[in-house]
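Please read all numbers here as calculations on a predicted model, not as lab measurements.
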Amino acid sequence: MQKNTSHFSRNGDQTFPAGFQWATSTESFKVEGAWAAEGKGETIWDRFGHENQAFNNHTADTAADSYRKVDIDVYLLRGLGVNTYQFSISWARIFPSGQKDSLNEEGALYYDNLINALIESGIQPVATIYHWDLPQALQDKGGWTNPSIVAAYKDYAAFCFHRYGDRVKSWNTFSSPWVVSHAGHGTGEHAPGIKDYVTASYQVTHNILKSHAEAWHDYNDNYRKTQGGKVGIALNSDWAEAADPNKPEDKAAAERYLEFMLGWFAHPIFIDGDYPEVLKTQIEKKRNECPSSAPAVLPSFTEEEKARIKGTSDFFGLNHYTSRLVSSSVGGCTPGPEGVGDFQAKVDPSWPATASDWIYSMPEGLRSLLTHIKTKYLAVNNVPIYITGNGMPTNDSGDTLNDVSRIEYMRGYISEALKAIETDKVDVQRFTVQSLMDGFEGNKGYSERFGLHQVNFVDGYRPRTPKQSAYFFAQIIEQNGFVSRKQDYFEGVKISPPRRSTPLPPSEVPSASKAKVKVSHYRFSISWPRILPDGTTKYINQAGLNYYKKLVDSLIAANINPQVSISQK
């Protein structure tokens with residue numbers, strides 16, 4: 001464990017430990033595009049979009065076109081100053097059929113190029129092996145409900161370790177697997193759109209846990225000694241508090257909420273290889289109450305499988321976005337977490353809303369959740385915690401560059417992470433802001449924007465423009481936390497995001513040639529207010545100035561001619 005040297009100074013400065021990892025992230029199907037380029041196979045999200053199941057018939061066909069913009073995306077990362085970048089690998093780009101005998105070398109080379117560009121820029125690559133985009137060929141055989149997927153995933157993970165592990169030293173086997181089980185196979189809101197919270201959702205979790213364990217053991221047995229990396233899993237969870245803290249039944253309900261979300265995956269991996277006792281007891285209770293229509297069927301692990309799963313993570317990855325107030329209820333025989341778990345969840349109306357109907361800002365929940373994780377899951381095996389995802393969306397209309405609401409969200413959550421480190425002695429070593437740029441947000445299409453950089457999805461070139469939040473995050477990174485100044489440019493005018501989004505036209509496959517083009521010139525504009533907030537030299541915004549300096553230096557270093565326009569807007 002690294003020495004904790006963070007501090008809260010008398011003048012208000014708040015800094016993170018030396019060597020803290022500042023990261024941002026993307027996910028393959030959300031930004032890469034090139035959905036059928038150079039041998040890539042179809043994914044479940046490709047099929048989902050093509051069947052018009054996403055918002056306004058949007059698809060991931062082109063997305064942010066990151067497949068063709070590695071250099072530009074790395075320039076954005078250098079401009080931010082991050083030392084870590086988390087991206088996911090598309091299984092279908094590597095193995096179009098999902099099986100190792102279908103290796104697509106062009107797809108594998110794409111990730112070689114990305115990883116090499118990151119390392120050349122001094123940025124640590126963090127690779128997620130699976131972030132939701134299953135090859136459709138495997139889905140046609142049952143996907144995550146078919147036990148045979150465990151072997152297929154192990155082969156895929158082993159290829160990634162072998163091919164990229166000499167350079168990638170931090171691996172997430174899965175990111176937010178709860179979403180795959182819950183939204184992909186429970187509610188059906190996500191690809192592959194299966195609505196079966198009685199059987200399929202639980203079977204999916206079962207096979208994901210076994211797949212994760214096999215990947216971890218493969219790395220541990222065959223690669224750890226020579227590559228020296230870490231393999232873990234990025235679990236997502238809300239924080240849950242009792243709606244009425246004076247009611248013991250509400251406190252118990254809040255605990256059940258956490259067990260049905262976080263414990264479903266964390267308990268087997270970090271405690272004893274098996275599902276939480278509360279989860280098993282609650283499902284057994286429902287089986288007895290509902291003999292003709294049991295709302296949940298929980299598979300069981302063998303003793304050998306439990307031993308295989310227990311302890312298979314070198315860190316605790318956490319994706320966290322929001323919190324819930326939970327009360328006890330009678331769920332009856334209704335499938336799904338609330339019905340089976342006998343709880344109801346809501347939000348406090350005073351919590352700031354976002355463009356998402358499920359993300360409300362409650363930063364204190366992050367600190368509470370981090371402390372909960374330390375106490376419950378890391379008491380014996382005290383691995384570090386990496387915050388592998390935190391962010392909020394704004395709508396795609398209005399002043400999308402002046403994203404003050406995101407800045408306030410980031411300020412709150414980063415501050416609470418620091419309190420957990422300094423006051424609660426939680427070993428948090430990384431903070432990942434989601435995400436580097438706007439992308440295809442699953443069933444929401446392009447109607448929700450998570451990016452630090454705006455992507456123009458109407459322009460076929462998909463130009464990127466930094467938002468105010470990008471400058472704010474660059475300042476946080478530069479200072480390794482919060483350093484007080486006489487004037488904080490980012491306090492600005494508070495803008496409440498609108499609650500309804502304006503439809504965008506569907507993304508289309510560009511008709512241009514698929515040939516790769518070497519970039520020789522890069523045109524961008526400098527925003528006058530970013531550098532001189534009041535239009536004069538009375539106050540120079542150093543963070544904004546540094547951003548452009550880093551961008552220009554990066555372009556010149558890559559033999560790319562910067563072409564600068566001076567904007568007065």
Side-chain angles (χ1 to χ4, degrees), residues 1-4 16-27 82-89 111 114-115 118-119 122-131 153-154 156-177 208-236 262 265-266 268-271 273 308-320 370 373-374 377-390 417 421 426-432 434:
M1 184 187 303
Q2 66 185 29
K3 184 178 179 181
N4 190 324
F16 281 75
F20 192 79
Q21 297 175 34
W22 293 106
T24 188
S25 66
T26 56
E27 295 79 40
V82 294
N83 50 36
T84 307
Y85 177 55
Q86 177 179 286
F87 63 94
S88 72
I89 298 172
Y111 296 106
L114 172 60
I115 292 165
L118 291 169
I119 291 174
I123 300 169
Q124 175 191 186
V126 175
T128 298
I129 298 172
Y130 184 80
H131 194 115
Y153 177 84
K154 181 181 179 182
Y156 163 52
F159 174 85
C160 292
F161 296 147
H162 178 77
R163 177 76 175 236
Y164 309 120
D166 60 328
R167 290 153 290 162
V168 176
K169 304 303 178 184
S170 185
W171 297 91
N172 301 319
T173 55
F174 293 85
S175 184
S176 296
I208 285 177
L209 285 166
K210 290 195 286 186
S211 297
H212 159 79
E214 289 306 310
W216 186 90
H217 281 287
D218 183 74
Y219 188 88
N220 196 53
D221 296 343
N222 301 310
Y223 299 100
R224 186 183 301 277
K225 185 176 292 186
T226 56
Q227 295 182 357
K230 290 184 177 182
V231 178
I233 189 168
L235 304 178
N236 67 293
L262 182 61
F265 294 88
I269 294 170
F270 292 95
I271 295 185
R308 190 79 172 160
I309 293 170
K310 179 183 177 181
T312 54
S313 198
D314 302 324
F315 55 84
F316 196 114
L318 175 66
N319 298 335
H320 172 75
L370 289 170
I373 289 169
K374 174 187 176 182
Y377 298 111
L378 306 182
V380 176
N381 185 19
N382 190 24
V383 296
I385 297 175
Y386 298 156
I387 297 174
T388 44
N390 174 258
I421 294 170
V426 182
D427 186 20
V428 180
Q429 296 185 7
R430 180 189 302 160
F431 196 105
T432 307
Q434 182 180 333

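Heavy-atom minimum distance, Pro268 versus Ile309: O-CG2, 3.6 Å. The shortest heavy-atom contact between Asn319 and Gly389 is OD1-N, 3.1 Å. Contact between Val383 and Asp314 at its shortest, heavy atoms only, is CB-O, 3.6 Å. Residue Thr432 comes nearest to Thr24 through the heavy atom pair CG2-C, 3.8 Å, listed as atom of the first residue, atom of the second, then distance. Across every non-hydrogen atom of Ala417 and Ile387, the tightest pair is CB-CD1, 4.0 Å. Of all heavy-atom pairs spanning Phe20 and Gln429, the tightest one is CE1-C, 3.5 Å.
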- Message: Please determine whether side-chain contact (heavy atoms from CB on, under 4.5 Å) holds for the pair Tyr386 and Val126, giving the CA-CA distance in whole Å, both sets of side-chain angles, and the decisive distance to 0.1 Å.
- Response: CA-CA 11 Å; Tyr386 298 156; Val126 175; over 6 Å; no
- List the steps and the verdict of side-chain contact (heavy atoms from CB on, under 4.5 Å) for Phe16 and Phe431. CA-CA 11 Å; Phe16 281 75; Phe431 196 105; 5.6 Å; no
- Item | side-chain contact (heavy atoms from CB on, under 4.5 Å) assessment of Leu262 paired with Tyr377 | CA-CA 11 Å; Leu262 182 61; Tyr377 298 111; 3.8 Å; yes
- In sequence, state the C-alpha distance, the side-chain angles, and the governing distance for Ser211 and Tyr130, and then conclude on side-chain contact (heavy atoms from CB on, under 4.5 Å). CA-CA 11 Å; Ser211 297; Tyr130 184 80; over 6 Å; no
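Counting heavy-atom neighbours within 6.0 Å of Lys169 NZ, excluding the residue itself, gives a total above 12.
Thr173 places a side-chain N or O within 3.5 Å of a backbone atom of Gly232 that can act as its donor or acceptor partner. Remark: side-chain polar atoms of Asn222 are paired, donor with acceptor, to backbone N or O of Asp218 under 3.5 angstrom. Without hydrogens or angle criteria, Gln86 side chain to Ala23 main chain gives no donor-acceptor distance under 3.5 Å.
No option in Phe87, Phe315, Trp216, Phe161 other than Phe161 meets the ring-ring contact (aromatic ring centres under 6.0 Å, His included) test with Trp171. Screening Arg430, Gln21, Gln124 against Ser170 for a side chain to side chain donor-acceptor pair (under 3.5 Å) leaves a single residue, Arg430.
Note on ring orientation: taking the six-membered ring where Trp is involved, the planes of Tyr164 and Tyr111 are perpendicular (angle over 60°, cut-offs 30° and 60°).
Two residues are said to be in side-chain contact when any heavy atoms from C-beta on lie closer than 4.5 Å; Lys230 and Pro384 meet this criterion.
Note that NE2 of His217 is 4.5 Å distant from CZ of Arg308, once rounded to the nearest 0.5 Å. Going from atom SG of Cys160 over to atom OH of Tyr219 covers 12.5 Å, rounded to the nearest 0.5 Å. Put simply, CD1 on Ile269 and OG1 on Thr312 are 5.0 Å apart, with the number rounded to the nearest 0.5 Å. The CD atom of Glu214 sits 11.0 Å away from atom OH of Tyr153, with the distance rounded to the nearest 0.5 Å. Rounded to the nearest 0.5 Å, atoms CG (Leu235) and OG (Ser313) are 7.5 Å apart. With rounding to the nearest 0.5 Å, the separation of OH in Tyr85 from CG in Leu114 is 6.0 Å.
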